[in-house]
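Only a predicted model underlies this, so the values are computations on that prediction, with no experimental measurement involved. When a ligand or atom number is given, it counts from 1 through the structure's own listing order.
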Amino acid sequence: MKRVLLKLSGEALAGDKKTGFDEATVIKVAKQVKSLIDEGIQVGIVIGGGNFWRGRTSENIDRTKADQIGMLATVMNCIYVSEIFRATGMMTQILTPFECGAFSKLFTKDRAMKYFEKNMVVFFAGGIGHPYFSTDTATVLRAVEIEADYILLAKAVDGVYDSDPKSNPNAVKYNEISIQEVIDKKLAVVDMTASIMCMENKIPMLVFALGEENSIVNTVKGNFNGTKVTV
Ligand code: UDP
């Protein structure tokens, strides 16, 4: 793999606390990403916002505004993780689809590619910049734009199951499944908008558990224990 896009959910950053940041969790991620960068692999990152806010679950306020808060939550997450990455010895840059003053630079493909060439980790914050979308969609969109070889989907569970393993002890895990089947069976690996984009643009995904020791590095090195979503 030459270039990958790693998606972390907001909750993943919070560890057991469920909200805010769990530094130990983020440091573990940082060390793994550093070992990829040291080997010359280019890494882009998208982070969700669920550890702070979700537009669709907020009540009483306009959805567009609720989603704007969600997008800003993803910017906060990227600033935090980017700083932990820097403290771990990496160079980073945050790109957003809207102006955030001095906090980030405006996303363009050319900019992203320039930073990858300089061995920087590039954070794609702010989702796609529009309400009614998610960071799943942003993940697929940016992965397509930067021509990533794979999307690395770090989850709380260790792959794709035929039903929710938290509620069904007999749920069966797939080692490999096509994106068409994910869509047909509504398996919600990523949301439907993102799944369709993934299928149309033929970008494969590797789904694995963030909590498993060294799982990001193992996934990239082919020592993979999760589910491969083929296109
Ligand atoms: N969001 C948005 N547009 C985007 C990306 C995110 O409006 O392109 C908002 C939306 O409110 C979402 C929140 O940011 O709920 C956090 O993003 P994430 O993808 O983590 O949301 P989730 O799928 O967990 O709701």
Side-chain angles (χ1 to χ4, degrees), residues 5-22 25-26 29 44-82 84 94-100 103-109 111-112 122-146 148 151-157 160 164 166-167 179 182-183 186-198 200-201 203 205 207-211 229:
L5 186 59
L6 172 65
K7 162 77 197 289
L8 303 168
S9 68
E11 296 94 321
L13 304 185
D16 295 335
K17 294 193 288 185
K18 305 280 180 218
T19 180
F21 304 119
D22 179 55
T25 303
V26 181
V29 173
I45 303 222
V46 172
I47 308 175
N51 53 329
F52 285 122
W53 184 267
R54 282 204 173 88
R56 68 177 178 282
T57 52
S58 65
E59 290 169 16
N60 305 324
I61 68 165
D62 178 71
R63 170 73 190 264
T64 298
K65 303 296 173 4
D67 281 342
Q68 288 172 352
I69 298 171
M71 287 183 260
L72 290 173
T74 73
V75 177
M76 292 197 292
N77 281 341
C78 284
I79 295 173
Y80 179 83
V81 177
S82 163
I84 299 280
I94 301 173
L95 299 177
T96 46
F98 42 78
E99 292 283 5
C100 270
F103 299 176
S104 67
K105 287 204 166 76
L106 206 55
F107 168 81
T108 67
K109 175 178 177 174
R111 249 185 205 147
V122 184
F123 289 83
F124 302 106
I128 69 160
H130 295 282
Y132 297 94
F133 287 94
S134 66
T135 51
D136 282 351
T137 321
T139 300
V140 181
L141 178 61
R142 295 297 181 240
V144 173
E145 286 177 284
I146 65 168
I151 290 171
L152 309 181
L153 219 51
K155 294 246 185 197
V157 284
V160 182
D164 187 352
K166 283 182 202 144
S167 51
I179 187 70
V182 167
I183 292 168
K186 296 193 170 61
L187 292 175
V189 179
V190 287
D191 61 36
M192 196 52 90
T193 313
S195 300
I196 301 281
M197 275 200 72
C198 201
E200 286 183 342
N201 294 286
I203 180 122
M205 295 190 284
V207 187
F208 59 95
L210 185 67
V229 181

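- Comparing G127, G49, G50 against atom 17 (O) of ligand 1, the shortest heavy-atom distance belongs to G49.
- The nearest protein atom to atom 3 (N) of ligand 1, hydrogens excluded, is given as H130 O, 2.7 Å; this is a heavy-atom distance.
- In this structure, S195 contributes its side chain and V190 its backbone to a donor-acceptor pair below 3.5 Å.
- Partner of P131 under the side-chain contact (heavy atoms from CB on, under 4.5 Å) criterion, out of M71, Q68, K65: M71 alone.
- Residue-level proximity to ligand 1 for Q68 is absent, since no heavy atom of it falls below 4.0 angstrom.
- Of the protein's non-hydrogen atoms, T135 OG1, 2.4 Å is the one closest to atom 19 (O) of ligand 1.
- Using modelled atom types, one finds a donor on one side chain and an acceptor on the other under 3.5 Å when comparing S134 with D191.
- Ligand 1 places these atoms under 4.0 Å from at least one heavy atom of R56: 22 (P), 23 (O), 25 (O).
- Counting only distance, with no hydrogens or angles, the side chain of N77 and the backbone of G10 share no donor-acceptor pair below 3.5 Å.
- At a heavy-atom cutoff of 4.0 Å, ligand 1 is contacted by no atom of A138, backbone or side chain.
- Of the residues listed (K17, R54, K155), the one engaging E11 in a salt bridge (charged side-chain N to carboxylate O under 4.0 Å, His left out) is R54, and it is the only one.
- The protein atom (non-hydrogen) at minimum distance from atom 8 (O) of ligand 1 is I128 N, 2.8 Å.
- The P131 neighbourhood of ligand 1 comprises atoms 7 (O), with distances under 4.0 Å to a heavy atom of that residue.
- Among all protein heavy atoms, the one lying closest to atom 7 (O) of ligand 1 is D67 CB, 3.1 Å.
- The protein heavy-atom contact nearest to atom 5 (C) of ligand 1 is S134 C, 3.4 Å.
- Annotation for ligand 1: atoms under 4.0 Å from non-hydrogen atoms of G48 are 20 (O).
- With hydrogens and angles disregarded, a donor-acceptor distance shorter than 3.5 Å links the side chain of D67 to the backbone of Y132.
- Without hydrogens or angle criteria, T137 side chain to F133 main chain gives no donor-acceptor distance under 3.5 Å.
- The closest protein non-hydrogen atom to atom 2 (C) of ligand 1 is F133 O, 3.2 Å.
- Here the protein heavy atom with the shortest distance to atom 15 (O) of ligand 1 is G55 N, 3.0 Å.
- With hydrogens and angles ignored, the 3.5 Å screen pairs no side-chain donor or acceptor of T96 with any backbone N or O of A125.
- Residue-ligand proximity, G70 to ligand 1, at heavy-atom distances under 4.0 Å covers atoms 9 (C), 13 (C), 14 (O).
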Subject >> side-chain contact (heavy atoms from CB on, under 4.5 Å) between R142 and L95, intermediate numbers included >> reply: CA-CA 11 Å; R142 295 297 181 240; L95 299 177; over 6 Å; no
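- In summary, the aromatic rings of F52 and F21 are positioned with their centroids under 6.0 Å apart.
- For ligand 1, the atoms sitting less than 4.0 Å from at least one non-hydrogen atom of R54 are 15 (O), 22 (P), 24 (O), 25 (O), numbered in the order shown with element in parentheses.
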